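Quick caveat, the model's predicted, so the values are computed rather than measured.
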Amino acid sequence: MATARRPKAIILLLALYWPVLFVLTHIPVPPVVRQANLSDKGLHFLVYAILTFLLWSVVRPYSKVDWRRATSWLVLAGVIAYGFCDEGLQHFVPGRSADVRDLVANAAGAIVALTVLTIFSFWPAATILTALTVSMLPVLARRNLMSLLPVLMTAFYVGGYALFAVLWMRCLHPWFRVRKAGGVELLLSVAVPSALLLLTKLSTWAAGRSFQRWDMVAAAAGILVGVLVAWQIGWLSRRETADDSLAPAEG
């Protein structure tokens, strides 16, 4: 049933993401990360924002965060407590050490994710956090990541912008279904992901970072892939999908 698909998918994502995150934070810092001179605090913020989003989406998959309920505070406390354990264990990893500023970045990522989930339901929140991730990562590196990790970063930009485009289409699909929008669907589907790409380019330029031609090409290819996927699913049309008809209402 469609009602069970999304929670199961999120559980699978969390079951993959959390162990990978644990392993990556408990091995010596890879040389390529040092070469890129990545902002450690920015990375902590991003990975904990994603962790918190996934955790909340497993605990309460069809609900916004409600700070009057204990669940919201328990999720926040659990993520922060994990951050403490994570930092404490890094004391035993060669080349790493516990850092109070990392704890602050971890907590900030968790709070931002839960704040987004307070205002928005799952699909818009996922869209915002995806946009935050793909636009922030190039700003965090002093060296161009594409030149250091061409295959990985090409996959990241194609996949990240494709995911953003698909999520953006999912947010717009209810509007498309009730209006005879004509060519507006295609315009909206491309305009906002393209605006995100332009914003990334401008922010890297303002920060003195590098976002070169191949970065732009990979991201643009991702937007095209995302639009095609959304069209195939039916989220870029007035066609009703199983996800629309069977999923519970989100509150």
Worksheet item: Between Lys64 and Leu117, is any pair of side-chain heavy atoms under 4.5 Å apart?
Response: no
Item to complete: Measure the CD1-OG1 distance between Ile50 and Thr130 for me, rounded to the nearest 0.5 Å.
Response: 8.0 Å
Item to complete: Specify the closest pair of heavy atoms between Ser57 and Ile10, including all atoms of both residues, with the distance to one decimal.
Response: CB-CG2, 3.7 Å
Worksheet entry | Sub-4.5 Å side-chain heavy-atom contact between Ser189 and Trp231 | no
Worksheet item: Which atoms form the tightest heavy-atom contact between Val93 and Ile27, and what is the distance?
Response: CG1-C, 3.6 Å
Discussion item. For Lys41, give me all partners under salt bridge (Lys or Arg N to Asp or Glu O under 4.0 Å), at least two apart in sequence or on another chain.
Written reply: Asp99, Asp102
Fill in: Partner of Val225 under side-chain contact (heavy atoms from CB on, under 4.5 Å), chosen from Val229, Val227, Leu228
Val229
Worksheet entry | Linked, directly or transitively: Leu224 and Met153 (ILVMFWY side chains, under 4.5 Å) | no
Item to complete: Please lay out, stage by stage, how Leu74 and Val59 fare under the test side chain to side chain contact (heavy atoms under 4.5 Å, CB included).
Response: CA-CA 10 Å; Leu74 288 173; Val59 174; over 6 Å; no
Worksheet entry | Distance, nearest 0.5 Å, that separates CG of Leu199 from OG of Ser194 | 12.5 Å
Worksheet item: Hey, does the side chain of Asn144 reach the backbone of Ser210 with a donor-acceptor pair shorter than 3.5 angstrom?
Response: yes
Item to complete: May I ask whether Leu76 and Trp18 are part of the same hydrophobic cluster, defined by side-chain heavy atoms of I, L, V, M, F, W, Y residues being less than 4.5 angstrom apart, directly or through others?
Response: yes
Fill in: Closest approach of Met146 to Ala218 (non-hydrogen atoms, all atoms of both residues)
CE-CB, 4.4 Å
Worksheet item: His26 versus Phe92: any side-chain heavy-atom pair under 4.5 Å?
Response: no
Worksheet item: What distance do Thr127 atom OG1 and Leu163 atom CG have between them, rounded to the nearest 0.5 Å?
Response: 8.0 Å
Practice prompt. Considering non-hydrogen atoms only, spot the tightest contact between Val166 and Gly226 and give its length.
Written response: CG2-O, 3.4 Å
Worksheet item: Sub-3.5 Å donor-acceptor pair from the side chain of Trp56 to the main-chain atoms of Ser63, do we have one?
Response: yes
Worksheet item: So do Leu43 and Leu137 actually touch side chain to side chain, heavy atoms under 4.5 Å?
Response: yes
Worksheet item: Where the side chain of Asp215 meets the backbone of Gln212, is there a donor-acceptor pair that is under 3.5 Å apart?
Response: yes
Worksheet item: Given the rule that I, L, V, M, F, W and Y join up when any side-chain heavy atoms are under 4.5 Å apart, are Leu51 and Leu24 in one cluster?
Response: no
Worksheet item: Taking C-beta and beyond as the side chain, do Ser135 and Leu196 meet within less than 4.5 Å on heavy atoms?
Response: yes
Fill in: Phe53 ring center within less than 6.0 Å of Phe122 ring center
yes
Item to complete: Using the six-membered ring wherever Trp is involved, compare the ring planes of Phe211 and Tyr157 and label them parallel, tilted or perpendicular (cut-offs 30° and 60°).
Response: perpendicular
Worksheet item: If you group Ile, Leu, Val, Met, Phe, Trp and Tyr by side-chain heavy-atom gaps below 4.5 Å, do Val158 and Met136 land in one group?
Response: no
Worksheet item: Do the non-hydrogen side-chain atoms of His44 and Glu87 ever get within less than 4.5 Å of each other?
Response: yes
Practice prompt. Please step through side chain to side chain contact (heavy atoms under 4.5 Å, CB included) for the pair Phe45 and Val112, ending with a clear verdict.
Written response: CA-CA 9 Å; Phe45 174 87; Val112 166; 3.7 Å; yes
Discussion item. Given 3.5 Å as the limit, does a donor-acceptor pair link the side chain of Arg209 with the main chain of Ala207, or not?
Written reply: yes
Fill in: Gap separating the CG atom of Leu152 from the CG atom of Leu145, nearest 0.5 angstrom
9.0 Å
Worksheet item: Side chains of Phe22 and Tyr17: closer than 4.5 Å at any heavy-atom pair?
Response: no
Item to complete: Measure from the side-chain N and O atoms of Tyr48 to the backbone N and O of Ile80, and report whether any donor-acceptor pair falls under 3.5 Å.
Response: no
Discussion item. Using 0.5 Å steps for rounding, measure from the OG1 atom of Thr115 to the CH2 atom of Trp67.
Written reply: 6.0 Å
Worksheet entry | Heavy-atom pair with the smallest gap, counting every atom of Asn106 and Gly83 | ND2-CA, 4.0 Å
Fill in: Joint cluster assignment, Leu38 & Val20, ILVMFWY side-chain distance < 4.5 Å
no
Response to the item:
When every non-hydrogen atom of Phe156 is compared with those of Thr133, the smallest separation belongs to CZ-O, 4.1 Å
Fill in: Side-chain heavy atoms of Leu114 within contact of Ser72, under 4.5 Å
no
Item to complete: Enter the distance from Leu55:CG to Ile11:CD1 here, rounded to the nearest 0.5 Å.
Response: 11.0 Å
Worksheet entry | Any side-chain donor near an acceptor of the partner, Trp214 and Thr154, under 3.5 Å | yes
